Protein chains: 2
Amino acid sequence: MLNFCQMKKETIVKNSRLKALGLKETPARLAIISIFEANHSPLSAEDIWKKIKNKKVNLATIYRNILSLEKGGVLTRIDLRKSSNYYELKDTLHHHHHITCSTCGTFEDIELCDEGLSSKALENSLKFSKILDHSLEFFGICKKCKR
Amino acid sequence: MLNFCQMKKETIVKNSRLKALGLKETPARLAIISIFEANHSPLSAEDIWKKIKNKKVNLATIYRNILSLEKGGVLTRIDLRKSSNYYELKDTLHHHHHITCSTCGTFEDIELCDEGLSSKALENSLKFSKILDHSLEFFGICKKCKR
DNA sequence: TATTTAATTGCGAATAATTTGCATTTGAAT
DNA sequence: ATTCAAATGCAAATTATTCGCAATTAAATA
């Protein structure tokens with residue numbers, strides 16, 4: 001293994017993050033995180049698998065890593081109303097949202113400040129005392145499909 | 001078939017709604033809609049099937065009807081981050097939201113006014129000119145699981 | 001550096017959710 | 001009453017995801 005000085009800065013960040021979660025730094029894990037860092041849009045397990053295929057990581061391993069990274073708060077699941085699940089890096093400061101085309105399935109990232117929504121929701125809740133996460137997704141027909 | 005005067009009022013509403021969508025009024029369809037009207041919480045295909053079982057409707061029929069009712073704007077898909085899809089009646093005036101427990105999966109309805117979110121989202125979009133729907137879901141740990 | 005051990009992986013099989021093909025039935029228009 | 005497309009039941013197919021288990025590997029420790 002490389003020593004600290006030989007490592008790329010971003011890898012150091014990844015490592016310490018993984019270590020903090022009690023997860024080993026494996027090639028598969030690092031590759032998956034890199035792919036998410038390079039793609040700021042939601043990806044399905046199979047999307048990741050296709051991007052990583054040459055490096056020969058098993059699809060089951062992708063699923064298992066998605067699970068542990070989601071549990072560790074690195075990834076978050078995104079609902080695009082498709083048949084498979086999508087994920088992206090969890091940005092704890094700024095929430096990331098999307099608009100998905102109900103016709104062709106294409107989607108777009110949306111910047112939108114939705115601060116205060118969670119606390120508003122909590123005010124109306126009986127069974128919950130804390131909200132950890134939320135998802136806000138939009139659906140419509142894209143300009144291409146509208147024509 | 002019953003004539004207009006013999007029919008229950010709610011059935012009349014259902015019928016005209018279905019007719020407008022070009023869907024036949026079948027026992028399965030009416031039963032499914034009734035179940036959604038009686039349960040103001042998200043239901044999966046299997047949830048519906050269990051509630052209807054005595055009337056012997058095939059699960060595939062439930063799936064097919066969910067699809068056509070969703071397409072017709074009667075139902076909307078809800079993401080509770082579970083393995084199966086959930087649906088509820090689409091209320092075009094007031095959006096319905098939920099908090100789901102990440103530990104035990106229990107969920108609660110949340111009343112929350114989120115008007116203006118869609119238009120705000122649209123302002124930041126390049127590929128879309130209209131938003132038809134959105135979903136806003138919260139996730140946390142319920143009081144029971146916290147203990 | 002070698003040893004040790006639990007975590008991770010690959011592989012194939014299993015499971016769960018959903019969809020499909022096709023023959024039959026049925027709602028509703030005529 | 002007749003007609004015909006739409007809807008249904010049933011079983012089989014497909015898709016997405018998970019699991020069991022033996023082999024491998026990361027990383028802590030001697």
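Residue numbers begin at 1 in each chain, while the letters A, B, ... track the order of the sequences. Predicted model, so just to flag it, every value in this text is computed and none were measured.
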What integer distance in Å separates [X]:[atom1] from [N]:[atom2]?
{"X": "B:L21", "N": "C:dG27", "atom1": "CG", "atom2": "C1'", "answer": "16 Å"}
{"X": "B:E25", "N": "D:dA5", "atom1": "CD", "atom2": "C1'", "answer": "17 Å"}
{"X": "A:N65", "N": "C:dA7", "atom1": "CG", "atom2": "P", "answer": "15 Å"}
{"X": "B:D79", "N": "C:dA17", "atom1": "CG", "atom2": "P", "answer": "15 Å"}
{"X": "A:I66", "N": "C:dT9", "atom1": "CD1", "atom2": "P", "answer": "12 Å"}
{"X": "B:K56", "N": "C:dT25", "atom1": "NZ", "atom2": "P", "answer": "16 Å"}
{"X": "A:K71", "N": "C:dA7", "atom1": "NZ", "atom2": "P", "answer": "13 Å"}
{"X": "B:L43", "N": "C:dT18", "atom1": "CG", "atom2": "P", "answer": "13 Å"}

| query | If only atom types and distance count, is the side chain of A:W49 paired as donor or acceptor with the main-chain N or O of A:N58 below 3.5 Å? | reply | no
| Protein-to-nucleotide contact annotation, 5' to 3' order, nucleotides 14-19 of chain D [B base; S sugar-phosphate only; - none; under 4.0 Å, heavy atom] | --SBBB
| Is the phosphate of C:dC11, meaning OP1 or OP2, less than 4.0 Å from a side-chain N or O of A:N58? | yes
| Does D:dA7 have OP1 or OP2 sitting under 4.0 Å from an N or O in the side chain of B:T61? | no
Please output the side-chain donor-acceptor pairs of residues 96-103 of chain B that fall under 3.5 Å, not counting sequence neighbours, one pair per line with the distance.
residue : atom : partner : partner atom : Å
B:H96   : ND1  : B:E88   : OE1          : 3.3
B:H96   : ND1  : B:E88   : OE2          : 3.0
B:H97   : ND1  : B:L136  : O            : 3.1
B:H97   : NE2  : B:D114  : OD2          : 3.2
B:H98   : ND1  : B:E137  : OE1          : 3.0
B:H98   : ND1  : B:E137  : OE2          : 3.2
B:H98   : NE2  : B:E88   : OE1          : 3.1

| Five-pair end axes of the helix from C:dT1-D:dA30 to C:dT30-D:dA1 and the angle they enclose, rounded to 10° | 40°
| request: Examine the side chains of B:T76 and B:D133 and answer whether a donor and an acceptor come within less than 3.5 Å of each other. | output: yes
| Any residue meeting side-chain contact (heavy atoms from CB on, under 4.5 Å) with B:K127, in chain and number order, not counting sequence neighbours | A:T106, A:E108
| Where do A:T61 and A:A28 come nearest, in terms of heavy atoms and distance? | CG2-CB, 4.1 Å
| said: A quick test of your reading: do over 12 heavy atoms of other residues, nucleotides or ligands sit less than 6.0 Å from NZ of B:K71? | reply: no
| Between atom OH of B:Y87 and atom CG of B:L69, what is the distance when rounded to the nearest 0.5 Å? | 11.0 Å
| Under the side-chain hydrogen bond (donor to acceptor under 3.5 Å, both in side chains) test, residues paired with A:S83 that sit two or more places apart | none
| task | Apply side-chain hydrogen bond (donor to acceptor under 3.5 Å, both in side chains) to A:S44 and list each qualifying residue two or more places apart in sequence or on a separate chain. | result | A:D47
| task | Side chain of A:A28 only, please: which of D:dA27, C:dT9, C:dA29 is the nearest? | result | C:dT9
